Amino acid sequence: MYGTHSKRDMEIDYQSQVPILRPSIHARRAKITVKFQDLYGFTVEGNVDDVNVLNDVREKVREQGKVWWALEASKGANWYLQTHISSTLKTSLKFSALVNAITLKKLIRKGIPPVLRPKVWFSLSGAAKKKSTAPESYYEDLTKAVQDKVTPATKQIDHDLPRTFPGHPWLDTAEGHAALRRVLVAYSFRDSDVGYCQGLNYVAALLLLVMKTEEEAFWMIAVLLENVLVSDCYNKNLSGCHVEQRVFKDLLTKKCPRIAAHLDALEFDVSLVCTEWFLCLFAKSLPSETTLRVWDVLFNEGANLLFHVALAIFKMNEEELLTVHHVGDVIHIIQRCTHQLFDPDDLLTVAFDQIGFMTTTTISRQRKKQEPAVMAELDERLRRLNSINAGDEQ
Amino acid sequence: MATSGNKNMNAKLVLLGDVGAGKSSLVLRFVKGQFIEFQESTIGAAFFSQTVAVNDATVKFEIWDTAGQERYHSLAPMYYRGAAAAIIVYDITNQASFDRAKKWVQELQAQGNPNMVMALAGNKADLIDARKVAAEVIPLGTKLKYSSSNQDMSKIVVQDRKPEAQTYAEENGLFFMETSAKTALNVNDVFSEIAKRLPRLQPAQNPSGMVLMDRPAQTPATASCCS
């Protein structure tokens, strides 16, 4: 009813191969760049190897689907919806529930089949629970109530609609724009401290593509900002984002000391590349299926995963990063890597196996430690700018 | 200047300005010679590099194209720290973006590298009919000629002297150009002009890729004659 019907047309055809012609042997030798559409309709550029990787990924997605169906057959339909790990551990130590939770964690790290994503994400992220505490018609009432309102947030949203994944076959249509607008505008009224922050447009757009309905995409945004991510990530001065960046820098020093020292010597601030990752949750940096695999884990295990993934991207490029001496080269290496990470397992294997353990408590403590410094820095900046302006008016 | 080793230099350049002023479009035009009507909105900042030749030397610009939304301004120091040059962009059809540009100038004057070369770019110069920020001071009494309007605009006479872009730039030690990323008007020129104005002493091997200069004594960056 909110104009998401054509999403049916977007349903992914898992049987089809990447729709490009097989380049000739000469073309292969020349390593030509080809443009093709990925699983979610995004146009990506890559060489023939990348196309092959993407086809392998499709095959792996199919195989992973079989594992899920087999488990459903033995454990019963929707078994995965009753095993949210934290609530299970708190409320019951029943052995079978624990086993299910551990099985699910492992399973999710290997990827949720795209057709099950809406259901699994909605439940495990806590979005379903959040929605259940609101009146049944909450989203419908909210969108109706605010549809004609004009605020700085709605102006900014309108400005960004055609600039969110331009060229996408559904998102960049009148219908896609309208759906994205309703979700973002509705959220801007739900939380006026956030209003609208650029970056959310990419997150909401990808959620719209995955979730079955606009309403579910809305609740996913709500649970992300209110429960999953660190608070104040998207507020008026991005203070939460500043905190995460500082925590990340400390983690890099601890987990990848050689890289951290090298980048320090180049006076390269890692936030230069990481800010976008943390604000768009990689939606703007990684290929779509890789982003969604990161989100699979994010919704089940929480925001610490973002640190794991960001560290993994540096770790994967350690040797090459250590050989370069220019800021531009560092950025080039990182961007080339993220844009070409068509196989999600390449990234997630490093993220889970080579970064080492980080407890939620440790990271929470780090955040607490950084918060006062961030607030002081932001206040100081504001104070200085105000004093310039005050001097100007005299 | 002609000595070998000093012919090629790297220079960190930052673009600042209001959301939708066309910062990313200017960079895309300069780096790739392209124009796209709807550019992806920039989150944080995007990095590009491009080399320009000036006389017998080259300058490799390392360009930081920053996000325009107000709340992202708290990140800006990370991008302009150590920058050799800045382009402050506004949209000639949007007075608020010009006001925002002035705030950026103030911030850079107070916080930035004191030897930073600053350019003021009035972008979207192709949209003449929608112009809101005049490029030059219009003498009092001038009859304005507008090409399209539902009123007879030729009868409207300028009532007031506005702090126009050219005057503002001169008073604040910036150089000013109107640009159009769409038509490519003056886009390369802004970058070339910056390249010409950069202090020409740094070899390209500077590892941090920025132009470092001896900081002069704590004097204000710009001598402003009227404030």
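Residue numbers begin at 1 in each chain, while the letters A, B, ... track the order of the sequences. It should be emphasised that the depicted structure is a prediction, and the values quoted were computed from it without experimental measurement.
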Working to the nearest 0.5 angstrom, can you tell me the gap between [X] [atom1] and [Y] [atom2]?
X	Y	atom1	atom2	answer
A/D269	B/R81	CG	CZ	6.5 Å
A/E276	B/T42	CD	OG1	9.0 Å
A/S387	B/Q106	OG	CD	10.0 Å
A/S271	B/L75	OG	CG	8.0 Å

Minimal non-hydrogen separation, [X] against [Y], with atom names:
X	Y	answer
A/K236	B/R71	O-CB, 2.8 Å
B/E62	A/G328	OE2-N, 4.0 Å
A/H242	B/S74	NE2-OG, 3.0 Å
B/Q69	A/Q198	OE1-N, 2.7 Å

* Structure fact -> Of the listed A/Q156, A/H332, A/E377, A/Q335, the one with the largest count of heavy-atom pairs under 4.5 Å with chain B is A/Q156
* Taking every heavy-atom pair that is under 4.5 Å apart, which of A/T275, A/L272, A/L378, A/N237 has the most such pairs with chain B? ->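 Of the candidates given, the most pairs with chain B belong to A/L272.
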Report which part of [X] has an atom under 4.5 Å of a heavy atom belonging to chain B: side chain, backbone, both, or neither.
X	value
A/F278	neither
A/C197	both
A/D172	neither

* To do: Decide whether A/R163 and B/Q39 meet the rule of one side-chain donor and one side-chain acceptor closer than 3.5 Å.
  => no
* Residue, of B/Y79, B/F48, B/Y72, that accumulates the most heavy atom pairs under 4.5 Å with chain A -> B/Y72
* To do: Report the C-alpha distance between B/V19 and A/H159 in whole Å, list the side-chain angles of each, state the deciding distance to 0.1 Å, and finish with yes or no for side chain to side chain contact (heavy atoms under 4.5 Å, CB included).
  => CA-CA 9 Å; B/V19 66; A/H159 183 77; 4.2 Å; yes
* To do: Please lay out, stage by stage, how B/F38 and A/T164 fare under the test side chain to side chain contact (heavy atoms under 4.5 Å, CB included).
  => CA-CA 9 Å; B/F38 295 111; A/T164 309; over 6 Å; no
* **Whether over 12 other heavy atoms sit under 6.0 Å from B/K103 NZ** => no
* Asked: Between B/E107 and A/R381, is the closest basic N to carboxylate O distance under 4.0 Å?
  -> yes
* Report yes if some heavy atom in the side chain of B/I43 is under 4.5 Å from a heavy atom in the side chain of A/W277; otherwise report no. =>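 They are not in side-chain contact.
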* Considering only heavy atoms from C-beta outward, does the side chain of A/P166 approach that of B/I36 to under 4.5 Å? -> no
